[in-house]
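Worth saying up front: this structure is predicted, and the values here are computed from it rather than measured.
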Amino acid sequence: VCWLGMASRSLFPQICIALGFDDVEALLSHARLEYEAGERFLEFRLDYLPIPERGIAAIRKFLANHSDCTLLATCRRRQNHGKFHGSIDEQLRILEAARDAGARAVDVEIESAENCTEHLAKLRSGCLLLISYHNYGGTPPRLDSVLRRMAKIPADGYKVVTTARKPSDSHRVLALARGNPKTPTIVLAMGEIGFATRVLSPAFGGMYTYAAPNSAEGTASGQVCAR
């Protein structure tokens with residue numbers, strides 16, 4: 001399946017609420033609060049849980065009562081600025097279980113994806129696959145080359161997240177989405193200077209943006225609540 005142009009924009013609601021908690025009940029509680037507030041697109045950061053596998057039951061339990069909600073499952077490895085200490089194989093098994101529990105999409109960081117390309121087609125067969133790139137040090141001078149690297153791996157969306165050190169960084173991040181209209185992208189710049197990208201990204205062609213929950217902190221620098 002190839003998603004191009006405006007078709008890719010309709011795959012997800014415009015705002016994804018990022019939920020990262022170290023307790024399953026807290027995760028479920030905040031997910032319910034966001035749902036009651038009208039949000040219908042939530043990211044479950046399974047890597048925040050001491051035992052990420054326990055998040056699988058949480059996905060199944062939540063969707064049993066909120067089947068119209070879109071869930072994105074992420075289990076980012078510690079080596080790639082996540083909290084999961086397991087191997088890539090273990091990461092994939094958790095994401096496959098999340099898919100089987102009802103998650104509509106999964107996020108795999110490029111560092112893992114490049115080392116398991118032969119397994120990603122199977123993972124993608126039952127859900128949408130997002131490939132993500134994160135740069136916590138700044139914004140690389142050649143963002144197009146970053147996207148070309150990512151696009152070598154078939155996926156339904158490519159998330160490029162950098163850190164804005166100056167206003168022009170934010171402009172270049174937004175320009176990446178506008179300049180690649182046939183590639184489904186999610187583009188954001190972290191930090192205070194990059195705040196504008198979180199608001200403007202969809203207007204520049206990004207599939208959606210991220211926000212923090214209303215009653216807790218987000219999972220990235222510069223994330224604010226949807227309201």
Tell me if a side-chain donor or acceptor on [X] pairs with a main-chain N or O of [Y] at a distance below 3.5 Å.
X	Y	result
Tyr133	Tyr158	no
Asp47	Lys83	yes
Ser29	Ala26	no
Thr163	Asn135	yes
Asn180	Thr183	no
Gln14	Met207	yes
Arg172	Thr139	yes
Glu34	Asn214	yes
Thr209	Val199	no
Asp156	Leu129	yes

Verify side-chain contact (heavy atoms from CB on, under 4.5 Å) between Ser132 and Val161, making sure each step is shown before the conclusion.
CA-CA 8 Å; Ser132 60; Val161 181; over 6 Å; no
Check whether any side-chain heavy atom of [X] lies under 4.5 Å from a side-chain heavy atom of [Y], and answer yes or no.
X	Y	result
Tyr210	Arg198	yes
Leu176	Asp144	yes
Ile186	Phe12	no
Leu143	Val187	no
Ile193	Arg165	no
Arg40	Asp68	yes
Asp107	Arg76	yes

Out of curiosity, [X] [atom1] to [Y] [atom2], how far, rounded to the nearest 0.5 Å?
X	Y	atom1	atom2	value
Arg99	Arg104	CZ	CZ	15.0 Å
Tyr208	Thr70	OH	OG1	10.5 Å
Leu92	Asn115	CG	CG	10.5 Å
Ile56	Leu46	CD1	CG	5.5 Å
Leu200	Phe195	CG	CZ	9.0 Å
Arg93	Ile88	CZ	CD1	12.0 Å

* Asked: Does the pair Arg60/Asp100 count as a salt bridge with the N-to-O cut at 4.0 Å?
  -> no
Worksheet entry | Salt bridge flag under 4.0 Å for residues Lys152 and Glu114 | no
[X] and [Y]: same hydrophobic cluster, using ILVMFWY side-chain contacts below 4.5 Å?
X	Y	value
Val108	Leu72	no
Ile153	Leu11	no
Leu174	Leu147	no
Val106	Phe44	no
Ile110	Leu130	no

Might you work through the side-chain contact (heavy atoms from CB on, under 4.5 Å) test for Val24 and Leu49, ending with a clear yes or no?
CA-CA 7 Å; Val24 169; Leu49 297 170; 4.0 Å; yes
Check [X] against [Y] and note the closest heavy-atom contact, atom names and distance.
X	Y	result
Ala177	Gly206	CB-N, 4.1 Å
Leu28	Ala58	CD2-O, 3.4 Å
Pro50	Pro52	O-CD, 3.6 Å
Ala164	Ala189	CB-CB, 3.9 Å
Thr197	Ser170	CG2-CB, 3.6 Å
Cys75	Leu95	N-CD2, 4.0 Å

Per side chain to side chain donor-acceptor pair (under 3.5 Å), Thr74 is matched among Gln91, Glu43, Arg45, Glu109 by Glu43
**OP:** Would you please test Val146 and Thr162 for side-chain contact (heavy atoms from CB on, under 4.5 Å) and show each step?
**Re:** CA-CA 11 Å; Val146 172; Thr162 71; over 6 Å; no
**Request:** Return yes when atom CZ of Arg54 has more than 12 non-hydrogen atoms of other residues, nucleotides or ligands closer than 6.0 Å, and no otherwise.
**Result:** no
- Query: Between Tyr35 and His66, how do the two ring planes meet: parallel, tilted or perpendicular, split at 30° and 60°?
  - Reply: perpendicular
